[in-house]
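Working notes, beginning with the structure itself.
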Amino acid sequence: MRIRIRFCLGIFLLLNFWDANHLLAQGIRLQEQLRKLANHKSNDTLKVILLNEIAYSYHVVKTDSSLFYAGEARKLAKQLGYLKGEAKALGVEAISNYLIGNVSKTVKKNEEALLIYRKMGDVSGEAAVLNNMGIVYHNEGKFDSAFSFYLRSLNLRKSINDEKGIADCYNNIGNVYTDKGNYVEALSRLFDGLLIRERMGDSLGISNSLSNIAGVYSNLKKFDDARKHAERAFSIQERFGDEEGMFHSEVILGTAFLEEKKFNKALEIFKRGYDRCNKMDNPGGLSVCLKNFGYIFERTGQPDLAIKSFAEGLEIDKLYGDLQGISISENGIGRCEFLKGNKEQAISHFINAYNYSSEIHNKLQAYESTQYLAKAYEALGTINQAMHYLKLSVLYKDSLFNEETLNKSHKIEFNYLLEKKQNQIALLEKNKKIQQAENQVQRLYTLGLVLLILVLSGIVIGVNRNRLKATKAKELILKQKNEMEIQAKHLSELNQFKTKTFSILSHDLRHPVQNLANVLDLLDEGHLSQEEFVSLKSSFQNQLRQIGILLENTLNWGKSQMSGELVLQPSFVDVSEIVRRNLELFSNQIQGKNLQVVVEIESGFKLYCDPDHLDIALRNLIFNAIKFSYPGKSIKVFGKIKGIRGVLEIRDEGVGMDESTLNNLFTIKQKQGNFGTSGEHGAGIGLLLTKEFVERNGGQLHVQSRKEVGSVFSLEFPLDLETATNSSSAS
């Protein structure tokens with residue numbers, strides 16, 4: 001049995017994904033746009049652009065304001081003859097009208113925008129509007145109209161070689177075929193889109209294609225294939241925090257468990273999906289989960305609970321006009337009534353389901369309805385009606401699940417894999433030819449260089465016979481000159497590093513202060529309530545804590561570069577206490593990323609070093625581990641004795657580093673601050689300072705890392721005074 005999910009297919013934004021930080025950023029940007037508009041006195045194209053930007057910003061928080069500003073933009077653009085501005089205003093009006101449920105106005109505004117783009121000869125704009133029209137009709141269950149608009153958009157995007165747009169159209173067309181029960185064509189289009197998205201490296205697009213392909217395989221009852229593609233999609237969606245996509249993939253996985261009669265596991269997944277949809281305020285997703293609850297109760301012999309769940313889903317389906325969802329709910333209620341012996345009531349629901357599925361040309365639901373009608377009429381003894389619906393169900397079944405369809409589905413995926421492999425082979429061949437050409441050039445260059453060196457060597461030998469004494473005298477001068485140049489170069493690199501560091505510092509200090517000022521402005525002007533301000537306090541505390549670490553690193557590094565400033569005061573240090581104190585310092589960031597921290601330090605583990613220097617080094621390494629970790633992953637801190645030295649390891653499951661980054665990790669001229677997985681930023685001197693302090697204390701710093709796997713930073717310190725003294729002297 002298939003439980004359908006309503007796809008979000010286009011540019012329309014899902015407001016439920018906007019968290020407090022997004023809304024804050026949107027509010028600040030909107031405030032800046034409104035100020036620019038107030039200061040802009042001319043009725044020109046720049047004012048049209050400002051009005052459109054404000055209208056688009058408002059559509060996620062206040063739809064009536066969005067419509068007002070878009071209307072003003074459209075009127076002014078029309079007066080100026082600014083066609084592009086008028087078309088963009090109509091596009092914003094279309095989105096806002098769709099979000100408030102005014103479908104007729106949405107269609108009208110899109111049609112007006114379409115005429116303008118055609119008049120301008122803007123193929124890209126025309127294709128985008130056609131695709132959006134397809135989305136509207138698709139979500140309204142008018143699949144033939146949706147297909148027509150998607151196909152027109154696809155042809156235009158092919159004419160301008162818009163690969164991303166082509167992939168989107170293939171995906172949308174594939175979903176129409178899925179909704180109509182034509183699974184062979186659906187898989188063909190979906191795999192076409194997947195190939196393009198893989199070639200482009202579009203991760204979220206790839207996950208969307210994989211999820212839709214998994215849905216088709218689920219409908220074909222090929223649950224191993226469905227699970228394989230859904231799990232691959234989920235891993236990408238989880239990495240990017242794509243809640244809607246994760247929900248879709250989980251439903252497919254839950255359906256597979258249903259078919260395997262693992263009801264508890266299926267129920268667990270659907271309950272998680274239900275909670276996720278509640279959090280996202282996604283009624284369509286809630287309806288999907290309710291129908292799946294009903295199916296589980298039905299299969300476990302609880303028809304009354306099943307009817308209740310199907311009925312709740314039906315209410316949502318009717319409220320949003322989801323004809324396919326209505327058909328599924330009606331079939332579910334009908335089956336449960338039949339199980340209870342209420343044959344007439346069951347037939348009534350099956351007929352409703354059949355009528356709705358026929359209206360939207362959904363073969364799968366029509367097959368299920370006619371199959372159940374045949375059984376119900378047979379139970380009543382109405383043989384003619386039973387035979388009529390039995391014949392219909394056989395016809396639908398043959399068109400959906402015949403051997404040819406299943407074979408074609410295998411062939412389509414095989415062709416996709418074959419083409420993917422051929423593309424890889426072609427790329428390898430191309431790279432091989434390029435490498436061969438480069439090698440040939442390199443050989444010719446090397447041969448020429450060798451000949452040139454031989455000629456020059458002969459000349460030099462002849463000249464040097466007469467100037468040997470003069471050369472020896474000059475060597476000393478050149479050596480001194482080289483040393484001076486090296487010192488000058490080092491000073492120049494330090495000066496550049498200082499300039500870049502203070503530039504980053506000024507940016508990182510100015511940005512949170514400006515944010516705070518903007519928030520206070522919003523509070524004073526009534527755009528932000530006291531409760532909302534309080535809820536943002538922890539975010540500003542995190543930013544200020546990061547600034548504190550940045551300033552402390554900069555000051556300590558500056559001191560370490562000045563002779564006599566870095567004085568060691570070593571002692572036997574309790575490592576567990578320093579680790580605990582730093583983890584408490586970053587507790588908000590750890591909770592914000594939902595990270596699991598594991599600390600395994602041997603009992604009585606102490607190191608002989610300066611406690612302040614160890615504190616600063618650990619603080620930087622733990623901060624970096626948090627900064628570059630993906631949400632939901634883990635950070636591990638190990639402390640153990642290794643011979644006469646103590647080893648501390650900080651492991652993360654984050655973005656990791658490639659070989660080039662590792663090689664230049666402690667090089668001043670290459671050093672630069674990198675953004676963390678949640679936008680954290682630094683001046684890039686934390687690791688330089690850590691290495692400096694570790695080595696001054698007779699220790700060693702080792703780094704291992706793999707891209708997209710994570711990093712391991714190892715600190716080795718002496719356990720006793722004698723080893724520490726010898727190591728410090730050697731360094």
Side-chain angles (χ1 to χ4, degrees), residues 8-15 26 29-30 33-34 36-37 40 42-140 145-146 148-169 172:
C8 180
L9 299 164
I11 64 169
F12 299 121
L13 298 177
L14 295 176
L15 306 185
Q26 186 73 4
R29 183 162 58 251
L30 179 57
Q33 291 166 346
L34 289 169
K36 286 182 182 178
L37 180 64
H40 192 84
S42 302
N43 286 330
D44 53 13
T45 57
L46 182 57
K47 185 173 183 179
V48 175
I49 293 170
L50 278 171
L51 287 167
N52 273 328
E53 288 177 350
I54 292 168
Y56 191 77
S57 295
Y58 261 126
H59 95 278
V60 300
V61 289
K62 200 173 182 182
T63 311
D64 55 349
S65 295
S66 175
L67 289 169
F68 170 76
Y69 283 102
E72 292 297 304
R74 175 170 47 79
K75 292 173 188 175
L76 179 56
K78 198 164 189 175
Q79 291 174 10
L80 298 171
Y82 180 31
L83 294 178
K84 187 173 183 179
E86 186 180 355
K88 286 187 176 295
L90 287 164
V92 178
E93 286 182 304
I95 294 173
S96 296
N97 276 295
Y98 191 77
L99 290 174
I100 61 176
N102 196 331
V103 177
S104 60
K105 275 197 175 181
T106 301
V107 172
K108 183 175 181 296
K109 297 296 180 183
N110 274 327
E111 288 175 343
E112 292 176 19
L114 189 63
L115 290 174
I116 293 174
Y117 281 124
R118 283 177 180 165
K119 184 177 180 180
M120 294 169 58
D122 186 340
V123 177
S124 179
E126 183 181 351
V129 174
L130 289 169
N131 186 65
N132 291 341
M133 293 283 279
I135 293 166
V136 173
Y137 285 115
H138 198 165
N139 285 337
E140 294 303 308
S145 297
S148 174
F149 280 107
Y150 288 148
L151 190 60
R152 289 160 64 188
S153 177
L154 174 64
N155 291 332
L156 287 177
R157 283 168 165 171
K158 283 182 175 179
S159 71
I160 58 174
N161 197 29
D162 175 10
E163 284 207 318
K164 185 181 185 306
I166 292 169
D168 291 343
C169 286
N172 293 345

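A quick note: this is a predicted structure, and the numbers were derived from the prediction, not measured.
- Distance CG/Asn131 to CG/Leu151: 12.0 Å, rounded to 0.5 Å.
- Nearest heavy atoms, Val123 versus Leu156: CG1-O, 3.7 Å.
- Here ring pair (Phe, Tyr, Trp, His ring centres under 6.0 Å) pairs that include residues 106-137, with residues two or more places apart or in two chains, are Tyr137-Phe149.
- For Lys164, the side-chain hydrogen bond (donor to acceptor under 3.5 Å, both in side chains) test picks out Asp168, with sequence neighbours left out.
- Taking the side-chain hydrogen bond (donor to acceptor under 3.5 Å, both in side chains) definition, one finds that Lys108 meets it with Glu112, sequence neighbours left out.
- Inter-residue side-chain proximity for Leu130 and Glu126 is flagged as met; some heavy-atom pair is nearer than 4.5 Å.
- In this structure the side chain of Ile166 reaches within 4.5 angstrom of the side chain of Leu154, judged on heavy atoms.
- Within the structure, every pair that satisfies the side-chain hydrogen bond (donor to acceptor under 3.5 Å, both in side chains) test and touches residues 43-55, not counting sequence neighbours, is listed here: His40-Asp44, Asn43-Lys47.
- No side-chain heavy atom of Asp64 sits under 4.5 Å from any side-chain heavy atom of Tyr58.
- Distance check, rounded to the nearest 0.5 Å: CD1 of Ile100 to NZ of Lys105 gives 7.5 Å.
- The line from CD1 of Ile95 to OG1 of Thr63 is 11.0 Å long, rounded to the nearest 0.5 Å.
- Taking the salt bridge (charged side-chain N to carboxylate O under 4.0 Å, His left out) definition, one finds that Glu111 meets it with nothing, sequence neighbours left out.
- Enclosure of atom NZ in Lys109 by more than 12 non-hydrogen atoms of other residues, nucleotides or ligands within 6.0 angstrom is indicated.
- Distance check: Ile49 CD1 to Lys84 NZ gives 8.0 Å after rounding to the nearest 0.5 Å.
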Going by atom type alone, with no hydrogens or angles, which donor-acceptor pairs under 3.5 Å involve a side-chain atom of residues 67-81 and a protein atom two or more places apart or on another chain?
{"residue": "Arg74", "atom": "NE", "partner": "Glu93", "partner atom": "OE1", "Å": "2.9"}
{"residue": "Arg74", "atom": "NH2", "partner": "Glu93", "partner atom": "OE2", "Å": "3.2"}

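- With sequence neighbours excluded, the residues that form a side chain to side chain contact (heavy atoms under 4.5 Å, CB included) with Leu83 are Glu86, Ile116, Lys119, Met120.
- No side-chain donor-acceptor contact under 3.5 Å links Asn132 and Tyr98.
- At distances below 3.5 Å, at least one donor-acceptor pair connects side-chain atoms of Ser66 with backbone N or O atoms of Ala55.
- With sequence neighbours excluded, the residues that form a side-chain hydrogen bond (donor to acceptor under 3.5 Å, both in side chains) with Ser104 are Asn102.
- Legend: salt bridge (charged side-chain N to carboxylate O under 4.0 Å, His left out) pairs involving residues 150-159, not counting sequence neighbours, sorted by first then second residue: Arg157-Asp162.
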